[in-house]
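What follows is a short report on a single structure.
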Amino acid sequence: MKDFLEISAIGSEGLEAILDFATADLPPVLAGKGVALVFEKPSLRTRSSSEMAAVALGAHPVYITDAEVGIDKRESAEDIAKVLAGYHSAIAARVFDHRVLERMAKALNDSRAGVPVINLLSDRSHPCQAIADLITVKEHFGSVRGVEMAYVGDSNNVALSLAEAAALAGASVRIASPEGYGFDAATRQRLAALGEVAFGTDPVEAVKGARVIYTDTWTSMGQEAEAAERRAAFGPRFQVNSALMAQAAGDAIFMHCLPAHRGEEVTGEVMDSAASVIYRQAANRMPAFKSVLYWTVAG
Ligand code: CP
Ligand code: NVA
């Protein structure tokens with residue numbers, strides 16, 4: 001049993017194993033078991049892909065909203081985790097505060113519950129998304145190793161997991177964020193120690209010659225009050241449009257974890273272009289979660 005909270009925590013061996021599982025015919029190791037899917041925030045892709053992946057491994061997924069459980073309001077995150085462990089073989093959760101996931105994992109580890117905790121997105125990271133991203137890059141280019149990637153936009157949860165995954169898998173990533181929206185010095189140092197990750201504030205510099213151009217929303221869930229301020233800080237320079245894509249390699253693909261805001265961080269033209277792999281990427285959330293779930297309970 002292993003938790004899946006951060007890409008950096010599973011290391012390159014864990015990452016390699018999970019990517020291999022994505023193309024394997026996995027046995028239904030969770031037949032007759034439950035998988036709890038707890039959501040403090042909305043979701044289209046993560047909820048559907050995790051439910052279907054749990055079913056594919058033989059499990060019965062139970063979708064639970066925070067309106068019902070009230071994490072740290074109705075009862076503590078620790079008590080919720082320990083109660084859910086009585087019915088489920090894995091607990092996957094999407095939370096505002098990453099520390100809630102760590103507390104759940106610690107409570108289950110301390111009580112030797114033998115039930116893993118899986119991060120379905122927190123304010124810090126989105127590791128299940130990064131697995132789907134690497135599956136997509138591998139599917140498209142045949143390998144992740146050596147692929148030059150550029151991430152243009154907010155240095156957020158998606159960017160962190162992508163950078164960790166790409167670095168561990170031997171790809172390179174150049175991240176361009178506006179001043180004040182980049183990773184802090186400690187995070188930069190940690191990422192640079194994992195592999196080839198570079199940081200800057202110039203989107204054109206970042207995308208030059210890159211084969212993957214990736215962006216995400218300028219305003220993540222929980223930051224809605226900052227939306228106007230963020231639009232002013234990012235737009236129009238950090239928008240991925242046809243002019244920016246033209247600076248990339250001739251065979252570059254466009255990626256976005258979705259949901260996207262057409263006309264803000266990316267134009268509709270780029271989203272719908274031949275270079276765009278966004279719907280493959282979204283579809284790959286299913287094998288990604290199936291592999292992650294398998295790795296946590298049986299890997
Ligand atoms: N990319 C992603 O996690 O989408 P949802 O928020 O819809 O799950
Ligand atoms: N960065 C976005 C990703 C959504 C899937 C958010 O946290 O809202």
Side-chain angles (χ1 to χ4, degrees), residues 4-7 35-54 61 63-66 92-101 118-137 151-166 173 175-178 181-183 187 212 214-231 233-235 238-240 254-262 264-266 271 276-293:
F4 182 79
L5 300 189
E6 300 279 6
I7 295 289
V35 172
L37 305 170
V38 182
F39 284 82
E40 274 193 318
K41 307 180 190 182
S43 168
L44 174 65
R45 284 142 289 269
T46 306
R47 190 238 168 127
S48 272
S49 61
S50 56
E51 275 204 31
M52 295 314 294
Y63 170 68
I64 304 161
T65 67
D66 188 52
R94 167 169 284 196
V95 299
F96 282 100
D97 184 346
H98 187 83
R99 287 169 298 188
V100 166
L101 295 172
I118 300 173
N119 179 357
L120 293 180
L121 180 147
S122 69
D123 58 342
R124 186 185 303 171
S125 53
H126 196 1
C128 290
Q129 178 67 52
I131 299 295
D133 297 342
L134 290 202
I135 292 172
T136 309
V137 170
Y151 177 93
V152 174
D154 190 21
S155 289
N156 61 12
N157 46 6
V158 168
L160 183 75
S161 293
L162 177 74
E164 290 182 353
V173 200
I175 301 172
S177 299
Y181 294 92
F183 290 120
T187 306
V212 172
Y214 200 122
T215 193
D216 183 20
T217 182
W218 294 336
T219 303
S220 286
M221 292 179 276
Q223 300 173 331
E224 289 77 7
E226 301 169 22
E229 192 186 315
R230 285 173 166 270
R231 250 193 307 272
F234 287 83
F238 282 80
Q239 182 187 69
V240 178
F254 170 71
M255 298 181 74
H256 192 309
C257 61
L258 304 179
H261 307 83
R262 289 171 180 255
E264 285 193 26
E265 75 272 11
V266 58
M271 284 182 70
S276 172
V277 297
I278 54 176
Y279 304 113
R280 275 303 308 152
Q281 197 186 344
N284 281 334
R285 294 294 306 277
M286 214 288 244
F289 189 76
K290 195 171 149 191
S291 307
V292 166
L293 184 56

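When a ligand or atom number is given, it counts from 1 through the structure's own listing order. Below, each value reflects all heavy atoms present in this structure, side chains not excepted, and no hydrogens, waters or symmetry copies.
- Interface atoms of ligand 1 facing R285, defined by a heavy-atom separation under 4.0 Å, are 1 (N), 2 (C), 3 (O).
- Neither the backbone nor the side chain of D154 comes within contact range of ligand 2; no heavy atom lies under 4.0 Å.
- Residue H126 approaches ligand 1 through these ligand atoms, each under 4.0 Å from one of its heavy atoms: 2 (C), 3 (O).
- Listed for the R285 side chain is no donor-acceptor partner under 3.5 Å among the backbone atoms of A132.
- A donor and an acceptor atom, one from each side chain of S220 and D154, are nowhere located under 3.5 Å apart.
- Looking at atom 6 (O) of ligand 1, its nearest protein heavy atom turns out to be R94 NH1, 2.8 Å.
- Among all heavy-atom pairs drawn from P178 and F238, the shortest one is N-CZ, 3.4 Å.
- In this structure, CD in Q281 is found 10.5 Å from CG in L134, a value given to the nearest 0.5 Å.
- The N/O atoms of P259, backbone and side chain alike, include none that comes under 3.5 Å of an N/O atom in ligand 1.
- Counting heavy atoms from C-beta outward, L162 and I175 have side chains that stay 4.5 Å or more apart.
- Remark: ligand 2 atoms within the under-4.0 Å shell around heavy atoms of L121 are 3 (C), 4 (C), 5 (C), 7 (O).
- Within the 4.0 Å heavy-atom criterion, the part of L258 lying near ligand 1 is the backbone and not the side chain.
- In this structure, R47 forms a cation-pi arrangement with Y63, its terminal cationic atom sitting closer than 6.0 Å to the ring centre and no more than 45° off the ring axis.
- Neither the backbone nor the side chain of H256 comes within 4.0 Å of ligand 1, counting heavy atoms alone.
- For ligand 1, the atoms lying closer than 4.0 Å to a non-hydrogen atom of S43 are 5 (P), 6 (O), 7 (O), 8 (O).
- Closest to atom 4 (O) of ligand 1, if we only count protein heavy atoms, is R45 NE, 2.8 Å.
- Residue contacts with ligand 2 leave out D123, since none of its heavy atoms falls under 4.0 Å from the ligand.
- Atoms of ligand 1 found under 4.0 Å from any heavy atom of L44, numbered from 1 in the order shown, are 5 (P), 7 (O), 8 (O).
- Atoms of ligand 2 found under 4.0 Å from any heavy atom of L258, numbered from 1 in the order shown, are 5 (C).
- In terms of heavy-atom proximity, S161 sits nearest to P127 at OG-N, 3.3 Å.
- In terms of heavy-atom proximity, A53 sits nearest to F289 at CB-CD2, 3.7 Å.
- Nearest protein heavy-atom neighbour of atom 7 (O) of ligand 2: N157 ND2, 2.8 Å.
- At least one N or O atom of S220 sits closer than 3.5 Å to an N or O atom of ligand 2.
- Among the atoms of M221, some N or O lies under 3.5 angstrom from an N or O of ligand 2.
- A donor and an acceptor atom, one from each side chain of E6 and S125, are located under 3.5 Å apart.
- Of all non-hydrogen atoms in N119 and H98, the two that sit nearest each other are ND2-CE1, 3.7 Å.
- Under the 3.5 Å distance criterion, the side-chain polar atoms of R45 are left unmatched by any main-chain donor or acceptor of A282.
- Short contacts between ligand 2 and D216, defined as distances under 4.0 Å to a heavy atom of the residue, involve ligand atoms 1 (N), 2 (C), 3 (C).
- Checked against a 3.5 angstrom limit, the closest N/O atoms of L121 and ligand 1 fall outside it.
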